[in-house]
Amino acid sequence: METGRSQERVTSALSTLNAVYDSFSVHQTSMSVDRDTYEHVAQHCERGVIEADVKVRHDKGVLVLETDGVRRMPHGPIEAGDESIEAGARRLVKDLTGVTCDIIDLASANIVGIHDTSGPDREPVYRLSALFEAIYKTGELDECATWHTTKPPLVTHCER
């Protein structure tokens, strides 16, 4: 597991996003976690370091889905190198909700450095989370997805 490469990957992904989007906020934080959590995050970094949240707007509201009792915007990892960050975000929305969207902007990027509390001399693992703004394009919602308006969405629980 090459945790040192995660910082290079985050820097590279951030450079790619800077080349495409005029301006967006960048936040950086760090957290210390137990060894098991650190190992779990480090394994995820082997596949990629980018997490995407996609806020999809439609005249019916904002797209949300329910997974394990939690309602949130489409969210998940983007595999590094296989596709562009935006293509990964669009695929994520399609896979999770059944609809396609067009990415129109990047609202923010958050960099998190994760440290192992049981091994303070271990290199931190870095993750990048990007919040994209998108608009609905086509498709029918899966049963776990709905358009959120000012009222709480009525969503039946769905196992994923």
Are [X] and [Y] connected, step by step, through hydrophobic side chains (Ile, Leu, Val, Met, Phe, Trp, Tyr) whose heavy atoms are closer than 4.5 Å?
X: Phe24; Y: Ile50; answer: yes
X: Leu106; Y: Val20; answer: yes
X: Val93; Y: Ile135; answer: no
X: Val10; Y: Leu131; answer: no
X: Val54; Y: Leu141; answer: yes

Spatial distance of atom [atom1] ([X]) from atom [atom2] ([Y]) [nearest 0.5 Å]:
X: Glu66; Y: Arg72; atom1: CD; atom2: CZ; value: 13.0 Å
X: Ile104; Y: Lys55; atom1: CD1; atom2: NZ; value: 10.5 Å
X: His75; Y: Ser129; atom1: NE2; atom2: OG; value: 6.5 Å
X: Ser118; Y: Asp34; atom1: OG; atom2: CG; value: 7.5 Å
X: Leu14; Y: Arg9; atom1: CG; atom2: CZ; value: 15.5 Å
X: Leu128; Y: Asn110; atom1: CG; atom2: CG; value: 8.0 Å

Any salt bridge between Asp102 and Arg90, counting N to O under 4.0 Å?
-> no
Would you call Glu39 and Arg122 a salt bridge, using N to O less than 4.0 angstrom?
-> yes
For the residue pair [X] and [Y], what are the closest heavy atoms and their distance?
X: Ala42; Y: Val125; answer: CB-CG2, 4.0 Å
X: Glu133; Y: Ala107; answer: OE2-CB, 4.0 Å
X: Ser6; Y: Tyr126; answer: OG-N, 2.9 Å
X: Lys60; Y: Trp147; answer: O-CB, 3.5 Å
X: Ile78; Y: Ala89; answer: CD1-N, 3.4 Å
X: Thr97; Y: Ala145; answer: CB-CB, 4.0 Å

Report the C-alpha separation of Thr146 and Val64 in whole Å, then their side-chain angles, then the decisive distance to 0.1 Å, and conclude whether the side chain to side chain contact (heavy atoms under 4.5 Å, CB included) test is met.
-> CA-CA 6 Å; Thr146 190; Val64 295; 3.6 Å; yes
Is any side-chain heavy atom of [X] closer than 4.5 Å to a side-chain heavy atom of [Y]?
X: His115; Y: Ser30; answer: yes
X: Tyr136; Y: Val99; answer: yes
X: Asp105; Y: Phe132; answer: no
X: Glu86; Y: Tyr21; answer: yes
X: Thr117; Y: Val33; answer: no

Can Thr100 and Thr138 be counted as having a side-chain donor-acceptor contact under 3.5 angstrom?
-> yes
Test side chain to side chain contact (heavy atoms under 4.5 Å, CB included) applied to Val112 - qualifying residues, sequence neighbours left out = Thr29, Met31, Ile114
